[in-house]
A.B. asks: 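First, the structure itself, so that you have it in front of you.
Heavy-atom basis, side chains included; hydrogens, waters and symmetry copies ignored.
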Amino acid sequence: MVAPFIHVGFFLFVGIYIFVRMVNRFRERRILLVGGIAGGALLMIAALGHLDGGVARQVERYQGEVDVGGGLFAVMGVILLILLSEGRAFVRRHALAIGFLALYLGAYWVFPYSRRFLDAGIWFVLIAGLSLSLYRRLGFISIYGGLTTEFILRNIGEPYLGYGLTE
């Protein structure tokens, strides 16, 4: 709960955590969780559209540079389906990871910086994926290994794989 003191982006953690705690009290958790997070993402995007800048200083810096292609959307959609197919107990235990994936997928086509939601919660997704049963875990590792390999091959010539200073 004190994470937002480190970075304001961690308010996202707190909001999703509170929402997940509330959802766990209802019977149809999966539908409510995925629908609520995706709907919340759309409401948040609509609210951001009405605030004239000033929301995140990075938005102005990256204006026009974000390319949304759909590949990561499809891959993360498959990972979400794998996580949801594990069963009710798993969904309840890893609702935060599923919430971050649902938020990312819900905001993907309407908010060009939605990957920041995924970046914020990727550790929860990794923990949930490694907690899957054997065949689902192997599928998750294969998909995530492919993503990692593609990222490394795409950025192999960049300083620090694209995270280094270029100026």
A.B. asks: Just how far is it from atom CG of Leu101 to atom CG of Leu84, taken to the nearest 0.5 Å?
C.D. replies: 8.5 Å
A.B. asks: List in chain and number order the residues that pass salt bridge (charged side-chain N to carboxylate O under 4.0 Å, His left out) with Arg136, two or more places apart in sequence or in another chain; answer none if no residue qualifies.
C.D. replies: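 In terms of salt bridge (charged side-chain N to carboxylate O under 4.0 Å, His left out), with neighbours along the sequence ignored, Arg136 is linked to Glu86.
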A.B. asks: Evaluate the criterion side-chain contact (heavy atoms from CB on, under 4.5 Å) for residue pair Met76 and Leu147; output intermediate values, then yes/no.
C.D. replies: CA-CA 10 Å; Met76 289 300 153; Leu147 273 176; 3.6 Å; yes
A.B. asks: Thr148: which residues meet the side-chain contact (heavy atoms from CB on, under 4.5 Å) condition with it, sequence neighbours left out?
C.D. replies: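 Thr148: side-chain contact (heavy atoms from CB on, under 4.5 Å) contacts with Tyr144, Ile152.
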A.B. asks: With hydrophobic residues grouped by side-chain heavy-atom distances under 4.5 Å, do Phe90 and Trp123 end up in a single group?
C.D. replies: yes
A.B. asks: Going by the rule side-chain contact (heavy atoms from CB on, under 4.5 Å), which residues pair with Ala97 if we only count those two or more places apart in sequence or in a different chain?
C.D. replies: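 Checked Ala97 against side-chain contact (heavy atoms from CB on, under 4.5 Å); matches are Phe124, Val125, Ala128.
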A.B. asks: Between atom CD of Glu150 and atom CG of Asn155, what is the distance when rounded to the nearest 0.5 Å?
C.D. replies: 8.0 Å
A.B. asks: What residues form a side-chain contact (heavy atoms from CB on, under 4.5 Å) with Phe73, not counting sequence neighbours?
C.D. replies: Leu105, Tyr108, Trp109
A.B. asks: Between Leu126 and Leu138, is there shared hydrophobic-cluster membership here, with clusters defined by ILVMFWY side-chain heavy atoms closer than 4.5 Å?
C.D. replies: no
A.B. asks: Nearest 0.5 angstrom please: Arg92 CZ to Ile98 CD1, how far?
C.D. replies: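 One gets 12.5 Å once the value is rounded to the nearest 0.5 Å.
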A.B. asks: Examine Val78 and Leu83 and state if one hydrophobic cluster contains both, with Ile, Leu, Val, Met, Phe, Trp and Tyr joined whenever side-chain heavy atoms are less than 4.5 Å apart.
C.D. replies: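 Yes: a chain of side-chain contacts under 4.5 Å links Val78 to Leu83.
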A.B. asks: Salt bridge (charged side-chain N to carboxylate O under 4.0 Å, His left out) with Arg93: which residues, sequence neighbours excluded?
C.D. replies: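 Checked Arg93 against salt bridge (charged side-chain N to carboxylate O under 4.0 Å, His left out); zero matches.
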A.B. asks: Can you name the side-chain contact (heavy atoms from CB on, under 4.5 Å) partners of Ile141, sequence neighbours left out?
C.D. replies: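 Residues passing side-chain contact (heavy atoms from CB on, under 4.5 Å) with Ile141: Leu130, Arg137.
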A.B. asks: Which distance, rounded to the nearest 0.5 Å, do you find between the CG of Leu96 and the CZ of Phe100?
C.D. replies: 5.0 Å
